[in-house]
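Input: a single structure, listed below in C-alpha cells.
Sequence lines set the chain letters: A, B, ... in the order given, protein chains first and strands last, and positions in each chain run from 1.
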Amino acid sequence: MLSNDLPRSRWLAALLVILFLGLAFAPFLFPGVKALNVAAKVLVFVALVASFDLLLGYTGIVSFAHTMFFGIGAYGVAIALSAVEEPSWGAIALGVLCALAVSLVLSLMIGLFSLRVRAIFFAMITLAVASAFLTLASQLSDFTGGEDGLSFSVPELLSPGFTLSEEPLVTPLGEVDLNGKLITYYLIFAAVTAIFLTILRIVNSPFGRVLQAIRENDFRAEALGYRTVVYRTLSNVLSAGFATLAGCLLALWLRYNGPDTSLSFEIMLDILLIVVIGGMGTLYGALIGSVLFVLAQSYLQDLLRLAGEATEGIPLLPALLTPDRWLLWMGVLFVLSVYYFPTGIVGKLRERAVLARLKGMK
Amino acid sequence: MSEVLLKLEQVHTHIGAYHILHGVDLVVPKGELTMLLGRNGAGKTTTLRTIMGLWHASQGTVVLDGQDITQKPTPDIAHSGVAYVPESMGIFSDLSVRENMLLAARGARTLDDIDTTRLEWIFGLFPAMKKFWTHPAGKLSGGQKQMLAVSRAIVEPRKLLLIDEPSKGLAPAIIQNMIEAFRQLKAAQTTILLVEQNFNFARQLGDTVAVMDDGRVVHSGSMAELAADESMQSRLLGLSLGAHQ
Amino acid sequence: MSLFKELDWKPMALVPVLALAALPAIGSPSTWLTLTVAGLAMGMIVFIIASGLTLVFGLMDVLNFGHGVFIALGAFVATTVLASMGSYTTADSLWLNLLALLPAMLVAMAVAGALGLVFERLIIRPVYGMHLKQILITMGGMIIGEELIKVIWGPEQIPLPLPEALRGAVLMGDAAVEKYRLLAVLVGAAVFAAMVWTLNRTKVGLLIRAGVQDREMVESLGYRIRRLFVGVFVAGSALAGLGGVMWGLYQQNVTPQMGAQVNVLIFIVIIIGGLGSTLGALIGALLVGLMANYTGFLVPKVALFSNIALMVAILLWRPQGVYPVTNR
Amino acid sequence: QSNKGEIRIAHVYDKTGPLEAYAKQTHTGLMMGLNYATGGTMMVGGKKLVVIEKDSQFKPDVGKAQLAAAFADDKADIAVGPTGSGVALAMLPVAEEYKKILLVEPAVADSITGDKWNKYIFRTGRNSSQDAISNAVALDKAGVSIATLAQDYAFGRDGVKAFKDAVKTAKIVHEEYLPTSTTDFTAGAQRLIDKLKDQPGRKVIFIIWAGAGNPFKIADLDLKRYNIEIATGGNILPAMAAYKNFPGMEGATYYYFGIPKNPVNEAMVADHYKQFKSPPDFFTAGGFSAAMAVVTALKKTNGDTKTDTLIKTMEGMSFETPKGTMTFRQEDHQAMQSMYHFKIKVDPAFPWGVPELVREIKPADMNVPVRNKR
Amino acid sequence: MSQLSTQDLTVRFGGHVAVNRVTCAFQPGTLTAIVGPNGAGKTTYFNLISGQIRASAGSVHLNGVDVSALGAPARAQAGLGRAFQLTNLFPNLTVRENVRLAVQARAGAGLNLWRIWSDRKDLVVRADEVLETVALADKRDALAASLPHGDQRKLEVGILMALEPQVFMFDEPTAGMSVDEVPVILNLIRQLKADKTKTILLVEHKMDVVRELSDRIIVLHNGELVADGDPATVIASPVVQQAYLGINPEEKEAA
Ligand SMILES: Nc1ncnc2c1ncn2[C@@H]1O[C@H](COP(=O)(O)OP(=O)(O)OP(=O)(O)O)[C@@H](O)[C@H]1O
Ligand SMILES: Nc1ncnc2c1ncn2[C@@H]1O[C@H](COP(=O)(O)OP(=O)(O)OP(=O)(O)O)[C@@H](O)[C@H]1O
Ligand SMILES: [Mg+2]
Ligand SMILES: [Mg+2]
C-alpha cells in the first residue's frame, strides 16, 4: 500500500492515520454544509498538491503552470456537462478524457520545449504561459463562459436532489443529509486515495529515484546515462495528468468552474505554500499541508471575528483583527511557515525521530 | 622560539548535530610555514573554517595576534589580515579571472590600483592567469582554478594565509612554482598555515607540522623531525615506506 | 584591460529595427510617430518600475514577488505628499509643479527604502539562495504589505492627478506626445545613468554577483556582504518607490493592487534583458513599450499576448536574455 | 426549520478582494436601509431582523459555498448580494437548490436576470442593459457620431451591444475593444481618433470600463484638436475625480447623492453624513434599496418568510428607495428604476467632478428587454 | 581492434582551441595515462569522448561505431564511463543511493514506474558490493555532501565502478586523497587492468602513480597530442621534462 515508504516517525504515522480517518468519516464527524465543503476541498487539494510535489519536490522543477492543468481538468468536466442536455456519466468520462488529452499535449510541449532552459527561466516561462492560458480561458467566453464561468448540473446520483433517505441521519454530533453530495464526497475520497497511492508508488519506483537524482545534479545524472529531458518531461506529463484529474474532481464537487476557481495564480501560490508547509519531496506533506492550509483558509475569518471582538477597545488591534483583513494574516502565515518549517512539518517530525534515535543510541 | 601569530586552544566545533572537532590545540608561529596534515576526515578543513569564522567554535578560543577572534564574523577576521584558500577553491565562476582578482584585492577600487609588480610576479608563477585574464573563471581547467584560488590569496600582502590543499590537480612544474612562491612569501614575513596531502610538498616547505586525527591534533613538532622519522610518518599518516605521494 | 567589455550592438539594434518594421504596417507616418514616441516613453516608465527589480532579482538573485508592494507604497506616499502641496500642483507653472513632484519622489523613495530595510531583515534574510521559499515568503510579504496599505489608506482607489503643467500633449505635426511621458523619459534616463555608473564604476556589481555565487568566499575576502545586500535591497526598493510615483502619476490614480498588476510585466522585462543587466532591462522595457503600442494598434487581440510572445522570441534567440550578466 | 421570532437575512458579498470598496458601501447601505425601513426597530411583523455577513471574496466558488452554508447551516431565510457578477452567476443555482430567495445587489450582468435566471432570483441593482440604454438615451441625438471604447470581454461587449441596440438616431462609427489589462491607451486612442476625426458634427467617444487601467487618459492625446468629446456613465466618487478634467462631459448615471429628490434619499444622505461625515456613494444607494425591498416585502407578508409567499408578494411589487420608486418586473424580477442623465460641472468644493442632473430617465423612457426564458 | 578511438577530435571555445586534431586509439587491457600541463586539454578530451561537450570537428568511435552524434546519456549507456576531476556527486542523497543509481542505470531500470526500488534487491546488493571495494561500506548511510573531500573522491570512483563501462576514464582520481587511502584506488585500477577487456584512461599529475600503472603515456600540450609511447621513453622526452615537469633552468629563473 505505502510502497515501502513508511512515515519513519511515530508522531507522523499517528497524525497521518488521524487525518485519514478524519477525512474518511468527515461527513459524520463534522456535519454541516460548510464543513463538508471544506473536507471536499481538502481532498481535492491533497491530490493536486501531491501531483505538484512529484514535480517540485521530487524532480526539482519549479513550474507555475500547474493550475493550468488543474483548470483544464475542471473545464473538461464543466464544458462537457454544460454541453449536454441531460447530465450523464458518459459526458463526464468524455470530459475527463478530453481534458487528459489536452493536458498531455500541452505538458509534453512545455516539457520538450522549455525544460532545456535554466530552472528560473523555466519557471518564468510557465508563469507566462499560465497567465496567457488564463487570459485565453476568459476570452473564449462562448466555450468557457468567460469570466463568469460555467454552472452546470451533474448526474442525478451525485446531485443534492438525490436522497438515499428522506430523513437526515441523526448522529450525536448533528444531522447528516444522506444525499447525492454525500455520494460525491465518497467518490472524490476514493479517487483521491487512488491518486495519492499511485503517486506514492511512482516516487518510490526506480523512476522516482532517478527524478531525485536529477533534482540533485542533472549533469551527473546524464553522465550516468539517464536522459534527463525524457525523465523531466515524463514527470511533467504525469504531474499534469494527476492535476487534471484533481481538476475534474473539483468541478464535480462545485458543479461550477470559472477562471478564478481553478486557474488563478492565487491557487498556484496556495499549492506552493502547502508543499512547503507539509514538506517538499515527502508526499505525506501534501496531506498534512492541505488539511492545515484549507482549514486555516476557511476558518481564519471566523477566528478573526472572535479575536476582533475580544480585543475591542484596544487601539489599532481591532483594525488589524477584523475578518476583512484575513488576507493579512494569511500573509503572515506564509511568512511564518517558511520561517518555522524550513523542511516542512513532515521533515520536522522526521528530524525529531532521527534525533530521538541518535539519543537512544548513546 | 619565535612569536606566536595564531593559537587555537581546546577548540570544539559542531556542524549541525555532529561534533567534529574535539578540542584542537594548535600553535602557528609568526613568519613560519606550518603544515597541517592528517587523513581524510581528520578535521583539517573544519579547523581552517573555524579559524576563518565560517563555522564558530562551540568551545575554546582562537587567538590571532593577541586578539580573540573566536566569535568574530568572517569579514572582520579577513580584515585583520587573513586570506583563505578553501578546499573547494571558492572561484566565482560567473566572473572573469580579472574580476576575481579585483575582488580579492580589497584595497583596490579598480585594476589600476593593484600593485603591478605583484601582479607580474603572480603572472610569472602562473602564466595561465595572464593568458585567461578576461575569461570566465568557471571555464578554467581544474588546475587553473586552483592557481586562481591561490593567486587571489596572494594578490595583496597578508599577515596569515590559510591554504587548503593547494597542490591538488596541479602539474609538477606548477607545484614547483608554488613552492617557490610560498618560500618568497615566507621571506616577506607572511605566516602560512597549509593543509596538504602531498607529503613531498609538505616536506619541502614546512617549518613546523601538526598532525590531526579524529578531530584532534595528535602530534606537533618540527617538520624536519617528522621527515626524518619514517616510522612516525607511517604511524601518524599511514605512510608506508616508499609510498606514492 | 578596460572596464567596459566591447559592446554587443545587436540587441540595441532591435529597438530601431522593430520601430522601422512597424512603419509600413502602420502606414500613416504621423500615427507611427505618435505610437513610437509613446511606446518609447512608456518603455522608459516601465524601465523605472523595473529598475529596482534588476538589482533585486537580476543581481541579488532574490525572486521578489513582493516588489510590487514597494511600487504601490511609493504611489500612495506620493498621493499623501502631493495632497499636502495642493497649491504647487494646481499652479500652472512647470517649475512649481516640479517643485512639488521632487519631494514626493524623494519621500516615496525614502519610505519605500525604509520598508525595504524591514523587508530584507524580516522576510528576505532567511531565504537568500532559496528560490522557492523566496517566492512564497515574498508573496506573503506582498499580501501583508497590500493589506497594510488598505489599513492605512483604505481599500478605495485614490486619485493622483497630474500637476497642471504636465497635462495634455505637445504636438509634433499631426502626432501628439503626452507631456508627462517626456518627463518620464528624463527621469528614466537619470535612473539609467545612475545605475550604470554605480554598477560599472564601482565594485558593487561585482560583489553582488560574487556574493550570490558564494557568500562565504566573499566574506572570507573581507567584505561585509550582508551589509551590502541590505544596501542594494534598500536601493532596489527605493527605486520601486520612485517607479510607483511615476506609474501612479501615469495612471492618475492608485490602488493597493497596482503593484501586483505590474509584477509579471516587470519580471518579463528583466528576463528579456538578461538577469542583472541595466542596459538589457532598458532594452527589454523599450521593446515591451513599443510592442504593446504597435500590436495594440494593428491587432488589439494580440496585444494581450505581445509581452509573452516577445519574451519567448527573445529567449529563442538568446536563451539567457539579451545581455546575460550572470550565468543563472 | 423556521427561526422562531427571527428573520435571518444573509448578506453574502465580496467583502474582501478587489471589490472591497464597493462591497463596503453596499453593506453600509443595507444596514442603514434596514434601520430606516423598520423605523430603527429592526423588527418586522414582531420578528427581529438578523443580518448574517458572509464573505464571498470575489470568488465564485467561495460565494457558492457561503450561500449554501448560509441557507443550510445558518438557516437564513433570504439572501442579499453579491458584488461581482461572476460570483452572482455561480450563486444562482444554490438559491434554486435551497428554494430560497436571492436578492441580487449590485452585480450587474444581464444574464443574472436573463438566461441564467431562476424564479428565486430578484435584483434591485441595475443591469448592464439599463446602464447602457440610459447612456444611449442621454447621447442619442441626430448628427452625433459615436465610437465606443470598452473592455474586451463579455461585460464590455454586452454593454456595447445593449448600447448600440438602444441608439436610434446617432451614428455608431466604431467599436474599440481593448484588453482588460491595458495600461497604455495610446494605440486604442489613435484608432479611435483615426475613425472619428473626419466625421461631421458632434463626435463622442463613449467609454464602458470597469476595473484597472484609466481609459480617460486618452484625453491627454489632445482630443480637443479634433473636437472629440468623451462620455461615460457614473461611478463611485473616487473614480469621478478623473471627471474633473472633463467639464461638460455627459452621460447617464445610476446614482449620485445630489441628484434624486425624495424623502428616502434625503434621509439616507443625512444619516450618512451623520455617521461617516461624508455623502453616501453609488453602492450605498444600492444596499439601501435592497433593504427597502426586503422590508417592504416582509411587511406585506407580515413577517412570513415562506419562499413561495415571498415570491408572490415581490413579483410586481413597488417599493421606495433613494432613487424613487422601483418595481420588480413580473417577468424577470428585475427592478425597474430611474437613471439620471448628467453633465459634469467642476466645483472646487468637491474633489470630484460633480454630475448635474440634465434629465431623469424614467423606466418608461427605457425599453429594457426581458431576456430570460420564462 | 581498438575499443576506443578518436579521429581529428577538435573543439574550439571562441577563438581558443582546447583540443586540436587529436587522433588516437586505445586498446582493451591497457592503461593509457594522459599527462600534460594544466589547461592542456585533458579534461576537455574526456568531455569530448564521453559527450559532455560536442566536438567542433572530428569523431569518436567505440568498437568501430561512430558515436559522435550521440549525447552524453547515450554514450554512457554504450559503455563510455568517466569519473570527474572536480567532485560531482548527488550531494543530498546517501552514499549508497549515489552508487545504487549508477547500478540502476547500468541495469537500464530507470524508466520503471511501477516497481518499488527496494524490491530490486539485486541492485541494492550490487551497490553494497561496490561500496565495499572502495572502502566506503561503513559510510553508506551518510549524505554524500557530508563526506570529507577524500571520501568524496572515493565515491566518485565507486560510481564509475558501478557503471561497469567498457571504457574507464579517471580524471585525477587520487587528488586530495590521503596517502593511506591512495593504495585502495590504485589496487582497484590494477584489478580492472587485469580484467583485460576494459580500456582505461587515466589523467594524473602524480608521476609515480603514472609510472607504476601505465602501459602507455600520451602527452597533450596546448590541446595537441605531442607524444605517445611507452612510459619510460615519454617521461624522458624533452617536452615532458620541460613543459610538464618544469625541469628547465630558464623557466625557474623567470619565476
Ligand atoms: N557539512 C557536514 N555535515 C556533517 N559532517 C561533516 C560536514 N562536513 C564535514 N563533515 C565531517 O567532518 C569530519 C571532518 O571533515 P573535514 O572536511 O574537516 O576533514 P579533512 O581533514 O579536511 O579531510 P580531507 O583531507 O578529506 O579534506 C568528517 O568526518 C566529515 O564527515
Ligand atoms: N567550456 C569552456 N569554455 C571555454 N574554455 C574552456 C572550456 N572548457 C575548457 N576550456 C579551456 O580549455 C583549456 C583546457 O582545459 P582542460 O580542463 O581540458 O584542461 P586540463 O588539461 O584538464 O587541465 P588540468 O590539469 O588543470 O585539469 C583550458 O585553457 C580551459 O580554460
Ligand atoms: Mg579537507
Ligand atoms: Mg583537468
When the 4.5 angstrom heavy-atom criterion is applied to A:Thr261 and chain D, the contacting part is both
Quick check for you: among A:Leu150, A:Asp260, A:Leu254, A:Val38, which has the greatest number of heavy-atom pairs under 4.5 Å with chain D? A:Leu254
Could you tell me the separation between the OG1 atom of D:Thr16 and the CE atom of A:Met330, rounded to the nearest 0.5 Å? 12.0 Å
Return the CG to CG distance between D:Asp61 and A:Leu250, rounded to the nearest 0.5 Å. 7.0 Å
Highest number of heavy-atom pairs under 4.5 Å with chain D: which of A:Ala35, A:Ser262, A:Pro160? A:Pro160
Examine whether an atom of D:Tyr177 lies under 4.5 Å from a heavy atom of chain A, and if so say whether it belongs to the side chain, the backbone or both; otherwise answer neither. neither
Side chain to side chain contact (heavy atoms under 4.5 Å, CB included) assessment of A:Glu147 paired with D:Thr180: CA-CA 11 Å; A:Glu147 305 266 303; D:Thr180 39; 5.7 Å; no
Could you check whether D:Glu20 pairs with A:Arg325 (Lys NZ or Arg NE/NH1/NH2 to Asp/Glu carboxylate O, under 4.0 Å)? yes
State whether A:Lys181 and D:Glu97 are salt-bridged, where the test is any N-O pair (Lys NZ or Arg NE/NH1/NH2 against Asp/Glu carboxylate O) under 4.0 Å. no
Could you state the interatomic distance from CG (A:Asp324) to CG (D:Asp55), rounded to the nearest 0.5 Å? 7.5 Å
Backbone of A:Arg255 reached by a side-chain donor or acceptor of D:Lys64 within 3.5 Å: yes
What part of A:Asn37 gets closer than 4.5 Å to chain D, counting heavy atoms only: side chain, backbone, both or neither? side chain
Heavy atoms only, distances under 4.5 angstrom: which of D:Lys59, D:Gln57, D:Gln66 has the most pairs with chain A? Name it, please. D:Gln57
Considering residues, nucleotides and ligands other than A:Phe28, do more than 12 of their heavy atoms fall under 6.0 Å from its CZ? yes
Rounding to 0.5 Å, atoms CG (D:Leu92) and OH (A:Tyr256) come to a distance of 11.0 Å
D:Ala90 and A:Ser151 have their tightest heavy-atom pair at CA-OG, 3.8 Å
Which distance, rounded to the nearest 0.5 Å, do you find between the CD of A:Gln301 and the NZ of D:Lys15? 6.5 Å
Looking at D:Lys116 and A:Asp148, is any side-chain nitrogen of the basic one under 4.0 Å from a carboxylate oxygen of the acidic one? no
Should the heavy atoms of other residues, nucleotides or ligands under 6.0 Å from CZ of A:Phe143 be counted, would the total exceed 12? no
Take D:Phe71 and A:Val33 through the test side chain to side chain contact (heavy atoms under 4.5 Å, CB included) and record every step on the way to the result. CA-CA 9 Å; D:Phe71 286 144; A:Val33 169; over 6 Å; no
